[in-house]
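Notes follow once the structure below has been shown.
In what follows, residues are counted from 1 in the order of the sequence shown.
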Amino acid sequence: MRKLALSAVLMSAITLACGAASAEPIKIRLTAGEHVMTATLENNATSRAFAAKLPLTLPMMDLYGREMCYRFREALPAEEVTTSGYDVGDIVYWTPRHSFVIMYGQNGEVISSLQKLGRIDKGVEVFNRTGDVDVKFELIK
């Protein structure tokens with residue numbers, strides 16, 4: 001019971017901190033080396049849980065010539081998981097390996113167990129030439 005109450009308080013704090021009380025999207029800044037981008041996160045449980053961790057710098061791996069990936073140790077909540085394609089610039093969460101992913105290249109693949117978090121507003125093509133890179137994520141107030 002005590003654990004449930006603590007979870008409720010934590011989720012309320014995350015909801016208020018990330019603007020979930022309204023339907024407003026969550027805006028973030030990404031910095032990879034000298035390159036600064038912005039992204040718009042959707043208002044869902046996964047995006048709010050990610051945003052609650054910010055600011056955060058993640059060592060992202062360049063995988064398959066299409067995605068930048070970081071694997072969280074613990075799962076983020078994912079209530080809207082689907083099997084779908086993706087667009088270049090999408091930010092997604094792949095639930096089987098707790099993978100936070102920025103899609104920067106397209107190969108037409110349909111991927112199962114995806115939760116969409118949001119989208120890079122512009123500049124995602126920088127990842128075509130960075131290789132593995134630390135990416136800093138910050139909320140934009």
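Counting non-hydrogen atoms of other residues, nucleotides and ligands closer than 6.0 Å to CZ of Arg71 gives a total above 12. Annotation: Lys27, atom NZ; neighbour count of heavy atoms from other residues, nucleotides and ligands within 6.0 Å is above 12.
Put simply, Tyr70 and Trp94 are part of two different groups of oily side chains (I, L, V, M, F, W, Y) that touch within less than 4.5 Å, one to the next. Cluster annotation: Ile120 and Leu54 are assigned to the same hydrophobic cluster (Ile/Leu/Val/Met/Phe/Trp/Tyr, side-chain heavy-atom contacts under 4.5 Å, transitive). Note on Val126 and Ile102: same hydrophobic cluster, where clusters join Ile, Leu, Val, Met, Phe, Trp and Tyr whose side-chain heavy atoms are under 4.5 Å apart, directly or indirectly. Hydrophobic clustering (side-chain heavy atoms under 4.5 Å, transitive across Ile, Leu, Val, Met, Phe, Trp, Tyr) keeps Val101 apart from Ile26. One hydrophobic cluster holds both Met60 and Leu76 under the rule that ILVMFWY side chains link at heavy-atom gaps under 4.5 Å.
Not counting sequence neighbours, Asp62 has no partner by the salt bridge (charged side-chain N to carboxylate O under 4.0 Å, His left out) test. Residues meeting the ring pair (Phe, Tyr, Trp, His ring centres under 6.0 Å) test with Tyr93, sequence neighbours left out: none.
Closest approach of Thr83 to Ser113, counting heavy atoms only: OG1-N, 4.2 Å. When all heavy atoms of Thr95 and Ala78 are compared, the pair lying nearest together is CG2-CB, 3.7 Å. Taking both residues in full, the closest heavy atoms of Val133 and Gly33 are given as CG2-N, 4.4 Å, listed atom of the first, atom of the second, then distance. Here the shortest heavy-atom pairing between Met37 and Ala32 reads CE-CB, 4.2 Å. Annotation for Ala39 and Ile91: closest pair CB-CD1, 3.8 Å, computed over non-hydrogen atoms. Here the closest heavy-atom approach between residue Asp132 and residue Met68 is recorded as CA-CE, 4.5 Å.
If you take CG on Leu117 and CD1 on Ile28, they are separated by 8.5 Å, rounding to the nearest 0.5 Å. The line from OG of Ser99 to CD of Gln115 is 13.5 Å long, rounded to the nearest 0.5 Å. Once rounded to the nearest 0.5 Å, the distance linking NE2 of His98 with SG of Cys69 reads 12.0 Å. Once rounded to the nearest 0.5 Å, the distance linking CG of Leu114 with OG1 of Thr82 reads 6.0 Å. With rounding to the nearest 0.5 Å, the separation of CD in Gln106 from CD in Glu67 is 11.0 Å.
Although no hydrogens or angles enter the test, the distance criterion places a donor-acceptor pair under 3.5 Å between the side chain of Asn44 and the main chain of Lys116.
Classification of the Phe100-Phe50 ring pair by plane angle, with boundaries at 30° and 60°, yields parallel.
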Step-by-step side-chain hydrogen bond (donor to acceptor under 3.5 Å, both in side chains) determination, Thr38 to Asp121: CA-CA 6 Å; Thr38 60; Asp121 298 326; 2.7 Å; yes

Given side-chain contact (heavy atoms from CB on, under 4.5 Å), test Lys136 with Leu30 step by step and report yes or no. CA-CA 5 Å; Lys136 183 176 182 180; Leu30 296 78; over 6 Å; no

Checking side-chain contact (heavy atoms from CB on, under 4.5 Å) for the pair Leu58/Val135: CA distance, chi angles, key distance, verdict? CA-CA 5 Å; Leu58 302 176; Val135 180; 5.5 Å; no

For a side-chain contact (heavy atoms from CB on, under 4.5 Å) check, start with the C-alpha distance between Val88 and Met103, then their side-chain angles and the critical distance, and finish with the verdict. CA-CA 5 Å; Val88 170; Met103 307 304 292; 6.0 Å; no

Step-by-step side-chain hydrogen bond (donor to acceptor under 3.5 Å, both in side chains) determination, Tyr86 to Asn107: CA-CA 9 Å; Tyr86 62 89; Asn107 68 1; 3.2 Å; yes

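Ion pairing between a basic and an acidic side chain is recognised when a charged N comes within 4.0 Å of a carboxylate O; Arg119 and Glu42 show no such pairing.
Side-chain contact check for Asp90 versus Tyr104: every heavy-atom pair is 4.5 Å or farther apart. The shortest side-chain heavy-atom distance between Phe127 and His35 does not fall under the 4.5 Å cut-off.
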